[in-house]
Amino acid sequence: MRTRIRGWRWRSNPLRRRSDVVEAWTALAVAVLLLVAVPLAGALAGRWAHDDARAVVAEQRAERHRVRAEVVGRVPDPMPSADGVRVRMYSVAVRWTPPGEQARTATARVPEGTRRGDVVTVWFDARGRSVAPPATGTVVWQHAVTMGVCAAGGTAALVLLGHGVVRRVAMRHRLTEWDRAWERTEPEWTRRRPA
């Protein structure tokens with residue numbers, strides 16, 4: 001003999017409790033939220049982060065300018081690196097001549113291995129301070145994807161945490177209902193009189 005289990009929480013039967021129905025509807029809501037709300041939250045957060053990062057990059061490109069400069073200061077000797085991949089940057093004096101102006105000298109960050117007399121590309125802001133180059137399109141996309149994944153993960157965690165709380169409350173109510181039912185049934189089974 002085969003019994004059907006599908007949809008048992010929604011069917012009317014004497015063993016179904018109110019907490020079973022609440023838990024079943026909660027499971028359905030969680031499934032819909034995980035399939036719709038989580039990807040939507042990730043996409044919206046990623047889109048917002050992408051637009052915001054593009055605005056920051058546009059602002060950086062507007063206020064920073066690139067200069068080809070000659071290294072005139074002493075560059076420290078390269079230090080051994082544990083990972084061998086990271087390129088250290090050092091602050092040294094560089095000189096360049098803007099078109100139609102006198103030569104300028106400033107301190108800029110150059111990669112290790114640069115020698116005096118080498119021509120390097122450095123970036124300066126409007127105040128003449130050495131700054132990092134503007135972020136690239138790859139950095140913008142990495143930021144957008146990271147924010148989208150974090151938002152989706154946070155939303156999924158929040159949904160699952162809410163589901164866990166509802167299940168715990170439903171279990172507590174179910175146990176209370178079972179205790180009440182046992183109080184009514186126990187005297188018939190044990191032949192004791194209720195107090």
Side-chain angles (χ1 to χ4, degrees), residues 26 29-166 168:
T26 303
V30 165
V32 169
L33 287 173
L34 289 176
L35 293 174
V36 176
V38 168
L40 183 64
L44 291 176
R47 176 66 186 234
W48 170 80
H50 184 264
D51 292 345
D52 189 51
R54 284 183 57 186
V56 168
V57 168
E59 182 180 317
Q60 287 177 347
R61 286 186 180 152
E63 71 178 22
R64 297 177 184 186
H65 60 281
R66 179 175 48 187
V67 172
R68 300 280 295 158
E70 178 185 356
V71 177
V72 295
R74 182 175 116 37
V75 181
D77 293 330
M79 296 181 64
S81 172
D83 57 9
V85 177
R86 186 181 314 170
V87 176
R88 288 194 167 87
M89 302 292 282
Y90 297 103
S91 293
V92 297
V94 296
R95 181 182 307 135
W96 76 99
T97 305
E101 296 182 22
Q102 295 180 355
R104 293 185 185 177
T105 303
T107 302
R109 296 181 61 77
V110 297
E112 70 179 343
T114 305
R115 292 186 212 91
R116 184 179 292 185
D118 287 353
V119 177
V120 295
T121 301
V122 292
W123 289 82
F124 292 100
D125 63 7
R127 295 180 183 166
R129 295 179 301 190
S130 177
V131 293
T136 62
T138 303
V139 172
V140 170
W141 278 106
Q142 286 174 343
H143 176 69
V145 168
T146 301
M147 292 300 289
V149 167
C150 288
T155 304
L158 190 64
V159 167
L160 293 174
L161 179 68
H163 180 59
V165 168
V166 168
R168 186 176 181 122

Arg95 side, atom CZ; Arg104 side, atom CZ - distance, nearest 0.5 Å: 14.0 Å
Would you call Val140 and His50 a side-chain contact if the rule is heavy atoms closer than 4.5 Å? yes
Heavy-atom pair of closest approach, residues Val38 and Ala152: CG1-O, 3.4 Å
Between Pro133 and Arg64, the two heavy atoms sitting closest are O-NH1, 3.7 Å
As an exercise, state the distance from CZ of Phe124 to CZ of Arg129, rounded to the nearest 0.5 Å. 12.0 Å
How long is the gap from CZ on Arg54 to NE2 on His143, to the nearest 0.5 Å? 13.0 Å
Atom CZ of Arg68 and atom OG1 of Thr121: how far apart are they, to the nearest 0.5 Å? 3.5 Å
Would you give the length of the straight line joining atom CH2 of Trp96 to atom CZ of Arg66, rounded to the nearest 0.5 angstrom? 14.5 Å
Heavy-atom nearest pair, His163 first then Thr26, reads ND1-CG2, 3.4 Å
Shortest non-hydrogen contact from Ala108 to Ser130? CA-OG, 3.4 Å
Identify the heavy atoms of Ala41 and Thr155 that sit nearest to each other, and give their distance. CB-OG1, 3.4 Å
Got a second to check how far Met147's CE is from Arg47's CZ, nearest 0.5 Å? 15.5 Å
Donor-acceptor contact present, side-chain Arg115 to main-chain Val71, <3.5 Å: no
Distance-minimising heavy-atom pair for Ala45 and Ala151: CB-CB, 3.3 Å
